[in-house]
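Quantities reported herein were computed from a predicted structural model and do not represent experimental measurements. The chain is numbered in sequence order, starting from 1. As the structure lists them, so they are numbered: ligands from 1, and atoms in each ligand from 1.
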Amino acid sequence: MVRARSEAEAAWLVAESREGTRVIAGGTDLMLGIERKKFAPVGLIDIRRAGMNRIDITDNAVRIGATTTATELSKFAPLQSVAAGLWEAAATLSVPTIRNMATLGGNIANASPAADMVPPVMAMGGVVTVRRGDEKRKVSLEKLATGPGRTQLTGDDLITSIELPKWADDAFHHFVKLGFRDAQIIAVCSLAMSCDMDGDVVRKVGIALGSVGPTVTRAHAVEEFLIGKRLSREVGHEAMALLAQDISPITDIRSEAAFRLKVAQNYLGDALGRAYIHSLGQDARGVADDKHLEVLKDPAPRPPSLARARTDVLGAVHSKQKTLRILSTSEDAYLTRDAGSGQPKRNSMATRKKKTTKKKATKRKTKKKAAKRKTKKKTAKKKTKKKAAKKKTKKKAAKKKATKRKTKKKAAKKKTARKAGKKKAAKKKAKKKAAKKKAKKKATKRKATKRKTTKRKTKRKTAKKKTTKRKAKKKATRRRK
Ligand SMILES: Cc1cc2nc3c(=O)[nH]c(=O)nc-3n(C[C@H](O)[C@H](O)[C@H](O)COP(=O)(O)OP(=O)(O)OC[C@H]3O[C@@H](n4cnc5c(N)ncnc54)[C@H](O)[C@@H]3O)c2cc1C
């Protein structure tokens with residue numbers, strides 16, 4: 001991991017990095033992705049300390065550095081008037097520990113359709129500055145994400161900042177989301193709206209929704225329809241119906257498509273009602289739910305037209321629990337389809353409760369069964385392991401025995417060989433001795449023969465001498481005669 005100390009260094013490190021290297025900002029999405037084997041980066045470039053966490057408000061824009069965290073955004077008070085939707089999204093994103101790490105750039109680059117900070121930025125017409133080395137380009141946030149977890153960014157690109165065009169000073173900015181757990185929520189549906197009104201006539205409007213399609217989606221058809229319209233019951237309901245054209249919610253483990261559409265439509269109706277109240281110079285966001293309810297209950301300042309839409313999601317902004325409670329009293333929100341006809345069917349709350357209880361019981365049963373199966377599997381695995389271990393030990397012992405036997409055999413062989421060698425040596429020695437003896441005998445014999453021959457020769461010489469002496473004596477005798 002390398003740590004960039006400035007924006008330029010970060011941009012160059014990213015541009016010149018090896019393929020498979022990833023940028024890490026807060027790491028809340030990335031580390032989870034690595035743990036879940038969604039990412040396997042070959043290297044990391046840490047940009048948290050690259051000095052990209054400034055928030056600047058100019059005459060015509062709000063410029064936010066990419067590594068600005070949700071906590072930093074929620075603590076930046078001026079944001080409440082110029083981009084209240086983003087402020088709300090940042091302040092309600094997950095839990096404080098996550099907010100302290102989660103950056104706006106990371107939320108955008110991760111391209112989750114449920115990203116909380118994306119809808120308010122998109123509703124305002126936010127633009128992302130992307131840098132590759134020294135080269136900079138601006139991309140509309142709406143066009144950045146190409147699918148869930150996918151963007152048009154390449155491995156060489158770095159998001160350096162996000163620019164929000166400035167709206168009229170009295171524009172209404174709004175964000176609301178629905179999740180089914182108080183902390184660590186992934187929104188089932190979220191809606192952000194920025195609305196500039198001339199009295200009760202819509203002058204300019206931006207609407208973006210999360211978790212209702214493969215990417216955070218802008219409601220262009222609804223926006224076009226609303227511009228120039230005076231808010232009324234009919235306009236509100238038409239806008240809500242038109243929303244079905246802009247979004248394509250899916251059914252997943254968190255919610256059903258029909259429920260998502262209904263929530264999105266109700267959120268839109270609610271947002272339009274709040275925009276109207278805001279245009280009257282009243283606080284449409286409210287501080288406490290009860291106070292907010294009081295404002296909306298009073299028929300005088302609001303068109304009665306939007307009342308029904310609002311009653312479905314009243315109090316949604318500040319209390320997720322309340323949102324759930326209020327939504328659950330709206331039977332419309334639980335439209336399901338008849339198994340036979342495929343027609344939408346309303347479930348009474350009692351049926352819904354019964355169904356939920358049954359579902360819970362089935363879930364519990366399935367869980368129990370799964371646990372049993374797991375235990376059985378575990379026991380079987382343990383048994384097999386034990387057996388295998390036993391087999392292994394037996395095999396080892398047999399191997400040891402065989403090795404011992406082999407060693408013994410080898411030793412015996414060696415001993416025999418040694419014995420045989422000794423015998424051979426002894427035989428050789430004996431043979432040598434015998435040969436020596438024989439040679440000695442031969443020598444003695446030869447000596448004896450030599451001695452005999454010499455003796456015979458001496459005898460013959462003596463005899464010859466004697467004969468010669470006798471002959472000489474005879475000769476002398478004859479001569480004397
Ligand atoms: C427990 C938990 C709860 C959460 N709850 C919420 C929630 O309620 N709402 C919500 O919206 N999100 C939620 N998230 C998701 C996450 O916190 C946010 O998406 C966060 O904003 C991501 O920012 P980060 O700085 O942590 O991104 P990282 O994890 O650092 O990066 C995410 C991705 O973006 C890339 N990236 C980061 N910065 C840049 C950049 N400047 N340029 C180019 N690419 C970049 C990284 O390479 C990576 O692929 C939650 C996450 C966790 C773990």
Side-chain angles (χ1 to χ4, degrees), residues 1 3-4 7 9-11 13-15 17 20-36 38-53 64-74 86 88-122 128-132 136-137 139 141 144-145 148-162 175 177-190 192 208 210-211 215-216 254 320:
M1 180 158 85
R3 184 164 288 163
E7 184 190 304
E9 191 185 4
L13 279 170
V14 173
S17 63
T21 305
R22 272 191 178 267
V23 167
I24 180 164
T28 56
D29 275 324
L30 190 69
M31 297 315 284
L32 207 69
I34 292 173
E35 196 185 298
R36 291 180 180 168
K38 193 172 136 194
F39 309 123
V42 297
L44 294 173
I45 299 168
D46 181 5
I47 59 166
R48 270 301 288 278
R49 283 165 188 79
M52 298 196 292
N53 60 340
I64 303 167
T67 59
T68 308
T69 63
T71 300
E72 284 166 339
L73 285 168
S74 67
L86 176 59
E88 179 80 32
T92 56
L93 187 147
S94 190
V95 288
T97 43
I98 295 291
R99 285 202 287 277
N100 289 342
M101 299 303 287
T103 65
L104 179 58
N107 202 237
I108 290 171
N110 195 51
S112 160
D116 282 350
M117 294 190 278
V118 177
V121 176
M122 196 183 281
V128 174
T129 303
V130 179
R131 189 166 165 172
R132 186 181 297 173
K136 285 183 187 175
R137 66 181 196 278
V139 182
L141 178 60
L144 193 83
R150 293 193 304 273
T151 63
Q152 55 159 282
L153 298 178
T154 69
D156 301 340
D157 292 332
L158 176 75
I159 296 175
T160 55
S161 65
I162 296 92
F175 173 76
K177 75 168 170 178
L178 175 69
F180 287 127
R181 273 192 301 152
D182 253 351
Q184 326 253 347
I185 295 167
I186 297 175
V188 165
C189 175
S190 63
S211 296
T215 60
V216 174
R254 282 179 288 131
K320 288 152 207 153

Please check: side-chain N/O of Ser190 versus main-chain N/O of Gly210, any donor-acceptor pairing under 3.5 Å?
yes

Do the side chain of Asp29 and the main chain of Asn110 share a donor and acceptor less than 3.5 angstrom apart?
no

Check: Arg99 side chain, Thr71 main-chain N or O, donor-acceptor pair, under 3.5 Å:
no

For Val130 and Gln152: C-alpha separation, side-chain torsions, deciding distance, then whether side-chain contact (heavy atoms from CB on, under 4.5 Å) applies.
CA-CA 11 Å; Val130 179; Gln152 55 159 282; over 6 Å; no

Which segment of Ile159 sits under 4.0 Å of ligand 1 when only heavy atoms are counted:
both

Do the non-hydrogen side-chain atoms of Ile162 and Leu141 ever get within less than 4.5 Å of each other?
no

Out of Gly33, Gly210, Pro41, Ala109, whose heavy atom sits nearest atom 45 (C) of ligand 1?
Ala109

Which of the numbered atoms in ligand 1 are below 4.0 angstrom from a heavy atom of Ala115?
11 (O)

Where the closest heavy atom to atom 30 (O) of ligand 1 is concerned, which of Gly105, Gly106, Gly27 has it?
Gly27

Decide whether the shortest distance between a heavy atom of Lys177 and an atom of ligand 1 is less than 4.0 Å.
yes

Around atom CZ of Arg36, are there more than 12 heavy atoms from other residues, nucleotides or ligands closer than 6.0 Å?
no

Can you find an N or O of Ala25 that's nearer than 3.5 Å to an N or O of ligand 1?
yes

Any nitrogen or oxygen of Thr103 lying under 3.5 Å from a nitrogen or oxygen in ligand 1? Just yes or no.
yes

Atoms in ligand 1 flagged as close to Thr28, the criterion being non-hydrogen separation under 4.0 Å:
16 (C), 17 (O), 18 (C), 20 (C), 22 (C), 23 (O), 24 (P), 26 (O), 29 (O), 53 (C)

Is any side-chain heavy atom of Met52 less than 4.5 Å from a side-chain heavy atom of Thr103?
no

With respect to Leu30, determine whether any N or O atom, backbone or side chain, lies less than 3.5 Å from an N or O atom of ligand 1.
yes

Could you tell me whether the side chain of Thr151 and the main chain of Ala109 form a donor-acceptor pair under 3.5 Å?
no

Counting heavy atoms under 4.0 Å, the part of Val95 that contacts ligand 1 is neither

Determine, step by step, whether Arg48 and Thr69 satisfy the side-chain contact (heavy atoms from CB on, under 4.5 Å) criterion, reporting the C-alpha distance in whole Å, the side-chain angles of both residues, the deciding distance to 0.1 Å, and the verdict.
CA-CA 10 Å; Arg48 270 301 288 278; Thr69 63; 4.0 Å; yes

Within the structure, does Met117 bring an N/O atom to less than 3.5 angstrom of an N/O atom in ligand 1?
no

Sub-4.0 Å atoms of ligand 1 with respect to non-hydrogen atoms of Gly26
24 (P), 25 (O), 26 (O), 30 (O)

When you compare ligand 1 with Val23, is there at least one nitrogen or oxygen pair between them that comes in under 3.5 angstrom?
yes

Please could you name the atoms of ligand 1 that Leu93 approaches to less than 4.0 Å, counting only its heavy atoms?
7 (C), 9 (N), 10 (C), 11 (O)

